[in-house]
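Since the model is a prediction, treat every value here as computed from it, not as a measurement. Labels below follow one simple rule: chain letters A, B, ... track the order of the sequence lines, proteins then strands, and each chain is numbered from 1.
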Amino acid sequence: MLEVAPALLGCVVVHGDCAGVIVETEAYHFTEPACHAYVGVTPRTEVLWGPPGVAYIYRSYGIHALLNAVCEPDGVGAAVLIRALEPLWGVELMRARRRGAAGLTNGPGKLTQALGIELTEHRSSLLTGPIQICAGDPLPYVTGPRIGITKAVELPWRFCAVGSRDVSRPWPPGLLGAARG
DNA sequence: CATGGGATTGACT
DNA sequence: GTCAATCCCATGC
């Protein structure tokens with residue numbers, strides 16, 4: 001999972017006529033309390049404990065749909081949150097879905113809205129389903145603490161592509177690890 | 001069955 | 001910088 005999260009940077013998410021390059025991810029593992037799978041196997045978290053390559057989509061704050069990729073083998077609860085994309089195809093459609101708001105895909109709730117991804121695609125395959133993740137060239141990246149959580153804040157499990165202007169939030173230069181990849 | 005807490009965003013001071 | 005909107009589901013009675 002800590003290998004999959006940075007490896008997803010540079011890969012392409014395709015949904016319908018829209019696509020974008022992943023430039024920001026976060027890793028979640030059942031052994032730490034920020035992960036939904038921390039509570040064990042429930043109807044909600046069952047997918048996280050299943051086989052990899054499946055979409056885990058849930059509603060956040062009653063408003064936004066957030067897209068994750070299940071990434072550990074069957075029996076291990078873990079996923080990678082897709083936090084930001086660089087728009088690739090279907091920009092006009094994305095703009096329409098975002099109703100002109102600034103920032104098309106630079107946030108986990110924004111990118112699902114721009115691509116038209118909804119809760120109905122929960123549990124669908126990311127290889128053969130309506131949402132597909134295609135391999136891309138690896139990108140250099142930096143790590144840092146995850147955004148917007150209240151538990152396990154200290155884990156540096158956020159991965160950002162170096163130099164992308166589509167990351168969900170900027171960070172103070174010099175505070176994070178050096179570029180890798 | 002009632003309640004509380006979010007892996008967020010956009011609008012506003 | 002602050003704050004409300006709003007749905008799902010885990011938890012506790």
Side-chain angles (χ1 to χ4, degrees), chain A residues 1-9 11 13 15 18 20 22-50 52 54-72 76-87 94-124 126 131 133 141-161 164-172 176:
Chain A
M1 170 205 72
L2 290 179
E3 297 175 357
V4 174
L8 280 175
L9 300 172
C11 295
V13 178
H15 184 250
C18 296
I22 300 174
V23 295
E24 181 179 353
T25 61
E26 281 177 4
Y28 289 87
H29 194 261
F30 76 96
T31 52
E32 44 92 11
C35 182
H36 291 176
Y38 184 71
V39 298
V41 180
T42 67
R44 181 195 194 187
T45 65
E46 184 186 359
V47 185
L48 292 170
W49 296 87
V54 175
Y56 171 71
I57 305 174
Y58 76 100
R59 189 165 300 289
S60 172
Y61 291 90
I63 303 172
H64 305 100
L66 270 53
L67 171 64
N68 301 251
V70 178
C71 63
E72 291 283 336
V76 179
V80 173
L81 170 68
I82 312 297
R83 281 195 61 88
L85 306 175
E86 176 183 323
M94 292 187 199
R95 242 197 293 273
R97 289 205 183 99
R98 293 275 298 140
R99 310 181 71 182
L104 251 37
T105 56
N106 61 339
K110 297 178 185 177
L111 71 90
T112 54
Q113 185 186 12
L115 295 203
I117 293 171
E118 307 198 34
L119 293 192
T120 52
E121 281 139 332
H122 183 50
R123 295 171 82 96
S124 68
L126 293 171
I131 308 167
I133 296 184
Y141 64 91
V142 293
T143 64
R146 294 174 293 182
I147 303 295
I149 57 174
T150 59
K151 300 166 228 168
V153 178
E154 73 285 357
L155 293 173
W157 286 359
R158 179 186 181 216
F159 303 86
C160 290
S164 174
R165 55 188 179 77
D166 293 298
V167 294
S168 61
R169 297 177 63 174
W171 55 83
L176 300 175

> Can A:Arg146 and A:Glu154 be said to form a salt bridge (Lys or Arg N to Asp or Glu O under 4.0 Å), step by step?
Replying inline: CA-CA 8 Å; A:Arg146 294 174 293 182; A:Glu154 73 285 357; over 6 Å; no
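Just one residue in the list A:Lys110, A:Arg165, A:Arg83 forms a salt bridge (Lys or Arg N to Asp or Glu O under 4.0 Å) with A:Glu24, and that residue is A:Arg83.
One interatomic measurement links the two molecules: CG of A:Leu119 to C1' of C:dC9, which rounds to 12 Å at whole-angstrom precision.
Taking all atoms of both residues into account, the shortest heavy-atom contact from A:Val80 to A:Thr25 is CG1-CB, 3.6 Å. Counting all heavy atoms, side chain and backbone alike, A:Phe159 lies closest to A:Ala27 at CE1-CB, 4.2 Å.
A side-chain donor-acceptor contact under 3.5 Å links A:His15 and A:Glu121.
Contact check for A:Val13 versus A:Ile131: side-chain heavy atoms found under the 4.5 Å cut-off. For the pair A:Arg97/A:Cys18, a side-chain contact is recorded, criterion being any heavy-atom separation below 4.5 Å from C-beta on.
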>> Can you build the contact string for nucleotides 4-13 of chain B? Use B for base contact, S for sugar-phosphate-only contact, and - for no protein heavy atom under 4.0 Å.
In response: --BBBSS---
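The aromatic rings of A:Tyr56 and A:His36 lie perpendicular to each other, with more than 60° between the two planes, well past the 30° mark.
Counting only Watson-Crick and G-U wobble pairs whose two key distances fall under 3.5 Å, DNA chain C forms stems of three or more stacked pairs at B:1-6 with C:7-12, B:8-12 with C:1-5.
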